[in-house]
S.K.: 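Submitted below is the structure of interest, expressed as structure tokens.
Both counts, for ligands and for their atoms, begin at 1 and track the order of listing. Quick note: numbers below take in every heavy atom, side chains included, and nothing from hydrogens, waters or symmetry partners.
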Amino acid sequence: MRLFHAPGSPYARIARMAVIELGLEDRVRVEEATLRDPASVLLPFNPVGRVPSLALDGGATVTETTPVLMVLDSLVEPARRLLPGPDRPRALARYGRVLGMLDGIAVWNRELRRPAHERSPGVIALEAHRAVRVADALEQDVAAGGFATIDAAWLALVSVLGYCLRRHKAFEWRQGRPALAALFDAASARPSVAATVPPEGMGGTAPPVR
Ligand SMILES: N[C@@H](CCC(=O)N[C@@H](CS)C(=O)NCC(=O)O)C(=O)O
């Protein structure tokens, strides 16, 4: 099967890390696709045109991070799976919380990429507050021992934090959040994390939010 990704995508990074964590490199070919491009190799597989997209050998293409993780998980034995089930409500809550933070940061980032006169200060302020609020809650959770297992929530957390360091530089999450910083630094040496670091993007023009 083929996993389409873009090197800067934090969603696709979750799927790419999952391939490595699950030991599926021999079964899943990871291929780069261009985004927002009518000539993208992805479009014949997925008219949505977003990554991650997983083209299965049988012809179906699964898109959106969580369904992609469901397929990858199905390829390994239950004990090794990354997505928490409803029998692990705290882990599931963590995964949803981090995905929600990532969705908000993606909106914030998209707003900052518009020409200055097209940006919405209201949207930027809303998303900045959301990111601070969730990051503060995650800091407390990690300090209390949360995110100790390498699962989908952990992958999503590492991906969103790395995205902010490398690409969405408007949010300096490390400031005042030592538990998140320690988790991220420890994670960085892990092969799935080290092999998927996004390329550096440009910083914003506004002072960063903490
Ligand atoms: N909700 C989707 C979000 C995926 C997403 O927004 N991917 C971005 C890259 S970070 C994308 O492919 N954008 C291209 C586009 O919007 O056309 C998921 O969970 O996978």
S.K.: For Pro52 and ligand 1, answer yes if some heavy atom of the residue is under 4.0 Å from a ligand atom, otherwise no.
M.R.: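 True for this residue.
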S.K.: Are side-chain N/O atoms of Thr196 and Arg13 paired as donor and acceptor at under 3.5 Å?
M.R.: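 Yes - a donor-acceptor pair under 3.5 Å links their side chains.
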S.K.: For atom 13 (N) of ligand 1, grab the closest protein heavy atom and report residue, atom and distance to one decimal in Å.
M.R.: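 In this structure, atom 13 (N) of ligand 1 has Arg36 NH2, 3.8 Å as its nearest protein heavy atom.
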S.K.: Is there a polar contact between ligand 1 and Val48, counting only N or O atoms under 3.5 Å apart?
M.R.: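 For ligand 1, there is no N or O atom that lies under 3.5 Å from one belonging to Val48.
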S.K.: First locate atom CD of Glu64, then atom CE of Met70, and finally report the distance between them rounded to the nearest 0.5 Å.
M.R.: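 Rounded to the nearest 0.5 Å, the CD-CE separation comes out at 12.5 Å.
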S.K.: Report the nearest protein non-hydrogen atom to atom 7 (N) of ligand 1: residue, atom name, distance rounded to 0.1 Å.
M.R.: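 So the nearest neighbour among protein heavy atoms is Val51 O, 2.9 Å.
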S.K.: For atom 2 (C) of ligand 1, what is the closest protein heavy atom, and at what distance to 0.1 Å?
M.R.: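 Sorting protein heavy atoms by distance from atom 2 (C) of ligand 1 puts Glu64 OE1, 3.2 Å first.
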S.K.: So Phe184 and Leu165, side chain to side chain contact (heavy atoms under 4.5 Å, CB included) or not? Walk me through it.
M.R.: CA-CA 11 Å; Phe184 185 81; Leu165 286 182; 3.4 Å; yes
S.K.: What is the distance from atom CD of Glu127 to atom CD1 of Ile105, rounded to the nearest 0.5 Å?
M.R.: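 Interatomic distance, Glu127 CD to Ile105 CD1, rounded to 0.5 Å: 9.0 Å.
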S.K.: Are Pro10 and ligand 1 in contact, using a heavy-atom cut-off of under 4.0 Å?
M.R.: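 The answer is yes: ligand 1 sits under 4.0 Å from a heavy atom of Pro10.
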S.K.: Tell me which part of Leu35 gets within contact of ligand 1: side chain, backbone, both or neither, using heavy atoms under 4.0 Å.
M.R.: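 Leu35 to ligand 1: side-chain contact only, backbone stays beyond 4.0 Å.
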S.K.: How close does the nearest protein non-hydrogen atom get to atom 9 (C) of ligand 1, and which residue and atom is it?
M.R.: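 For this ligand atom, the closest protein heavy atom is Ser9 OG, 3.5 Å.
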S.K.: Within a strict 4.5 Å, meaning less than it, do heavy atoms of the Phe4 and Thr61 side chains meet?
M.R.: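 Phe4 does not reach Thr61 side chain to side chain.
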S.K.: I'd like to know if the side chain of Ser159 and the backbone of Ala156 have a donor-acceptor N/O pair within less than 3.5 Å.
M.R.: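 Flag not set: sc Ser159 to bb Ala156 has no pair under 3.5 Å.
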